[in-house]
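Proteins get letters first, then strands, A, B, ... in listed order; numbering begins at 1 in each. Excluded from the calculations below are hydrogen atoms, water molecules and symmetry mates; all remaining heavy atoms, backbone and side chain alike, are included.
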Amino acid sequence: MEKYLEGLNAEQLRASTHLEGPLMIVAGAGSGKTKVLTTRVAHLINNGVDAFNILALTFTNKAAAEMKERVEHILGNSEARNLYIGTFHSIFARILRKEAPLLGYPSNFTIYDTDDAKSVIKGIVNAMQLDDKHYKPSYIYSRISAAKNGLINPAEYKLDRQIQQEDAQSKRPMMGDIYDAYVRQCFKNGAMDFDDLLLKMYLLLTTVPEVLSRYQRRFKYILIDVYQDTNTAQYNIIKLLGAMHENICVVGDDAQSIYSFRGATVQNILQFKDDYDDVTIVKLEQNYRSTLTILNVANNIIGNNKNQIPKELWTSNMEGEKIVLARTATDNDEGRFVADAIKEQQMRNHYANRDFSVLYRTNAQSRAFEESLRRMNIPYKLVGGTSFYQRKEVKDLLGYLRVIVNQQDEENLKRIINYPARGIGKTTQERMQIRAAESGNTFWQVAESGGWGSKVEEFTIMIKSFKILLEQKNAYDIAFLVGKHTGLIQELYNDKTVEGLARYENVQELLNSIKEFTETPDEEGELQDKTLGSYLQQITLLTDADTDANGDADAVRLMTVHAAKGLEFKCVFIVGMEENLFPSAMAMYDREGLEEERRLFYVAVTRAKERLWITFANSRYRFGSLIQNDPSRFLDEIPVDKLDRSHTGPGVRPGGGFNPGGSQGDIFSKPGALKKLPGKTGPTPSGRPAQAPTPRPTGSNTPSGSGSSDGFSMGIASEIAVGMKVEHQKFGIGKVLSLEGGISNRMASIDFGEGAKKIMLNYAKLRIVG
DNA sequence: TGATGCTAACTTTTT
DNA sequence: GTTAGCATCA
């Protein structure tokens with residue numbers, strides 16, 4: 001047996017050595033899926049398959065690069081460079097770059113991110129004289145996106161009775177027309193949005209038989225990772241591409257399907273066995289990642305979902321530590337608790353910073369952790385979130401680059417035509433816009449045609465002179481010259497404010513990243529494409545996980561649970577486990593939404609290898625005001641004997657009495673939570689009392705910050721009585737309607753003029769005025 | 001025409 | 001608490 005097959009378990013071996021025919025690998029969390037995928041690719045190559053004939057679709061570009069590297073390592077040669085490997089979007093973008101002219105697009109088409117797309121939509125809504133409060137660009141975008149992912153074009157959209165009914169019901173009868181106009185505008189701009197990369201790929205394969213057969217012949221072997229997160233468009237493309245050889249291998253775990261909001265349907269993996277004849281199914285059920293305790297908890301949680309492929313995830317790992325459940329008073333205390341716990345663990349158990357990750361449901365939660373980690377001098381890295389590439393100054397420079405590559409791109413043309421200010425004002429632009437609409441020409445053609453004054457003429461000449469450079473210079477050289485000659489860098493340099501400095505640095509960082517791109521040897525081996533067009537193509541398709549550029553940095557990782565998919569950490573903090581937050585208020589009210597939230601929680605739990613903390617706060621700031629949430633209902637699904645509850649407060653029932661009519665979120669009075677599920681790993685007699693790691697409580701009862709210099713102070717709960725007039729720093733003057741709770745957690749209902757607000761007296765900054 | 005300051009809307013999750 | 005977009009002023 002080949003050396004690289006040693007050390008695989010029976011099922012892993014079976015999956016890795018399967019050569020011909022459709023294969024479905026149901027891979028539980030931490031079951032060595034990546035290992036199997038890479039081994040299988042190596043094995044294929046080792047058995048005479050040409051790497052050029054293998055297509056592998058992964059979830060992130062980073063995962064793709066890693067896979068390539070590992071295969072190279074196994075084989076001890078550089079054959080793996082010839083693999084066609086990447087995310088759906090980046091692979092299809094690469095193919096479309098070659099084939100787009102067949103569909104009438106320029107091969108240098110621009111890729112619009114969500115913001116660009118919404119901006120186009122907004123322009124259309126305004127042009128159609130519709131109210132953009134009602135026809136919200138974000139709503140329209142998601143609706144269009146759903147249509148595209150379902151392979152429904154505007155004509156079909158308008159004819160679909162159910163869709164029409166939905167739009168009529170939501171009083172948006174013009175949706176179909178907007179969709180139509182949007183598609184036309186993007187086409188005119190020579191631009192594709194994210195969904196177009198899939199849709200146009202599908203269109204290409206279905207309308208140009210020659211192209212279909214070319215790629216069918218090329219991709220003799222197709223591997224798809226995270227198949228549970230594919231949507232209808234992706235499904236159909238794979239079906240087409242794989243039809244000739246049927247050597248399709250899909251890997252997935254229905255329990256980790258967390259992307260239905262963007263059209264993914266778990267049906268794809270559930271149905272796979274019916275899509276092809278003689279499907280080999282392999283289940284990887286041994287978990288190598290987590291302690292027995294963590295795995296038991298995870299199994300118990302997911303057991304509450306009704307719709308799933310039955311499987312039994314087990315492990316021979318040690319029992320490990322109990323899961324620390326911590327309750328804090330506020331979101332800031334939660335941040336402090338986590339930072340303290342990290343410090344404590346580092347002292348006691350010598351963990352490195354990079355062994356920790358903090359996982360939250362929404363990006364907005366990151367700040368409390370950033371602050372507390374910074375205060376404690378613990379290096380951290382924010383993964384994803386508001387991306388670097390969404391910053392205005394970055395988009396401005398990229399806007400220039402996009403226009404230079406593709407002048408049809410009206411969206412970016414309008415962004416930069418008068419930035420930095422060069423005297424091409426709103427009126428001129430509007431007149432040009434009207435002319436473009438009347439003549440059917442593009443905005444650029446109108447600008448170029450002359451007669452708009454010397455300013456416009458200078459601008460078009462400048463862009464054209466940059467365009468000439470495309471042939472001669474690489475991406476970095478052009479970007480540098482653009483920054484210099486447009487005055488963009490000077491403009492930022494002159495701004496000496498703190499923000500101005502940050503913007504200047506961001507642009508420098510962008511330039512650095514372009515330089516890095518031009519200097520990194522191309523992995524594809526097939527084209528040494530260091531042009532600007534090639535750079536722009538990939539930059540828009542970087543995934544959140546990819547933005548974690550120096551992945552080796554010794555830093556704590558902060559990210560959403562979604563971004564953590566596929567990753568693992570020795571120590572994991574799952575934070576903000578509260579009703580309305582996790583599960584999200586948007587997804588709580590129907591079975592499907594709730595089950596997806598539960599799968600998300602399952603994903604979060606299964607990221608942890610050794611230690612897991614779960615935290616929630618009594619109250620947190622949201623939209624600038626303090627709100628209270630009950631503890632998450634999911635906490636009830638954790639077996640109590642797996643929990644270390646020494647940080648949940650002295651016998652106080654979490655949420656008790658705060659939110660009458662709230663959920664059942666009470667982990668202290670629900671024996672039902674202990675219910676074990678049949679077919680799981682079963683109860684494990686805990687031999688020894690868990691050596692609970694005990695980071696010191698962070699004084700969650702002591703409000704921090706004084707705030708009394710201005711007359712407002714916290715912790716004056718005992719002085720406040722019903723009927724008093726008080727002033728709140730935010731809400732102004734109000735009247736105390738009622739009080740509830742004990743002295744340590746007293747709540748007041750206060751009417752600030754717009755109905756009663758519930759305020760926690762211990763933490764609110766209040767002043768008594770009468 | 002451009003800059004500054006205020007209001008409103010905002011938060012799921014992402015390619 | 002932040003940010004984008006709008007209104008107002010210089």
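- Side-chain atoms of A:Arg367 lie closest to C:dG1 of the nucleotides C:dC6, C:dG1, B:dT15.
- In this structure, the CZ atom of A:Arg391 is 13 Å from the C1' atom of C:dT3, given to the nearest Å.
- With no hydrogens or angles considered, a side-chain donor-acceptor pair links A:Asn189 and A:Tyr112 at under 3.5 Å.
- Note on A:Lys392: nothing from the nucleic acid sits closer than 4.0 angstrom, heavy atoms only.
- For the pair A:Arg94 and A:Tyr84, the cation-pi test (distance below 6.0 Å, angle within 45°) is passed.
- Geometrically, A:Arg97 does not engage A:Tyr105 in a cation-pi contact defined by less than 6.0 Å to the ring centre and at most 45° from the axis.
- The cationic group of A:Lys392 lies under 6.0 Å from the six-membered ring centre of A:Tyr419 and within 45° of the ring axis, placing it in a cation-pi geometry.
- Put simply, CG on A:Leu382 is 11 Å from P on B:dT14, counting in whole angstrom units.
- Within the nucleic acid shown, A:Ala421 comes within 4.0 Å of sugar-phosphate atoms alone, with no base atom in reach, counting heavy atoms only.
- Distance A:Ile237 CD1 to B:dT15 C1': 13 Å, rounded to the nearest Å.
- Distances shorter than 4.0 Å separate none of the side-chain N or O atoms of A:Asn580 from OP1 or OP2 on B:dT11.
- Relative to the side chain of A:Thr114, the nucleotides B:dT13, C:dG5, B:dT15 differ in distance, and B:dT15 lies closest.
- A:Lys136 has its NZ atom 8 Å from the P atom of B:dA9, to the nearest Å.
- A cation-pi geometry, defined here as NZ or CZ lying under 6.0 Å from the six-membered ring centre and within 45° of its normal, holds between A:Lys565 and A:Phe59.
- In this structure, the CG atom of A:Asn231 is 14 Å from the P atom of B:dT15, given to the nearest Å.
- Backbone-only engagement by A:Thr560 is indicated by non-hydrogen atom pairs under 4.0 Å involving sugar-phosphate atoms exclusively.
- Closest contact between the side chain of A:Met586 and the listed nucleotides B:dT11, B:dT14, B:dT1 involves B:dT11.
- Closest to the side chain of A:Tyr141, out of B:dT13, B:dT15, B:dT11, is B:dT15.
- With rounding to whole Å, A:Arg620 atom CZ is found 15 Å from C:dG1 atom P.
- In this view, A:Lys118 satisfies the salt bridge (Lys or Arg N to Asp or Glu O under 4.0 Å) rule with no residue, not counting sequence neighbours.
- With centroids closer than 5.5 Å and planes inclined by less than 30 degrees as the test, A:Tyr259 and the base of B:dT13 fail to qualify as a stacked pair.
- Side chain of A:His89, nearest nucleotide from B:dT1, B:dT15, C:dG5: B:dT15.
- Proximity note for A:Phe623 (side chain, C-beta onward) versus B:dC10, B:dT13, B:dT1: the nearest is B:dC10.
- Not one side-chain nitrogen or oxygen of A:Ser90 sits closer than 4.0 Å to the OP1 or OP2 atom of B:dT15.
- Rounded to an integer number of Å, the gap from CD of A:Gln390 to P of B:dT14 is 10 Å.
- Residue A:Ala364 places its side chain closer to B:dT11 than to any other of B:dT11, B:dA9, B:dT13.
- For A:Asn418, taking side-chain heavy atoms from C-beta onward, the closest of the listed nucleotides B:dG2, B:dC10, C:dG5 is B:dG2.
- In this structure, A:Thr540 does not reach the B:dT15 phosphate: none of its side-chain N or O atoms is under 4.0 Å from OP1 or OP2.
- Remark: P of C:dG5 and NZ of A:Lys426 are 13 Å apart, rounded to the nearest angstrom.
- On the P atoms, C:dA4 is 15 Å away from B:dT13, given to the nearest whole Å.
- Between A:Gly423 and A:Ala563, the one whose closest nucleotide on DNA chain B sits nearer the 5' end is A:Gly423.
- When each of A:Thr60 and A:Glu491 is assigned the nucleotide of DNA chain B with its nearest heavy atom, A:Glu491 is the one assigned upstream, toward the 5' end.
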_Intermediate values then yes/no, side chain to side chain donor-acceptor pair (under 3.5 Å), A:Ser260 and A:Glu596_ = CA-CA 8 Å; A:Ser260 71; A:Glu596 178 145 324; 2.7 Å; yes
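- At least one side-chain nitrogen or oxygen of A:Asn363 sits closer than 4.0 Å to the OP1 or OP2 atom of B:dT13.
- Considering only the side chain of A:Arg262, B:dT15 comes nearest among B:dG2, B:dT15, B:dT13.
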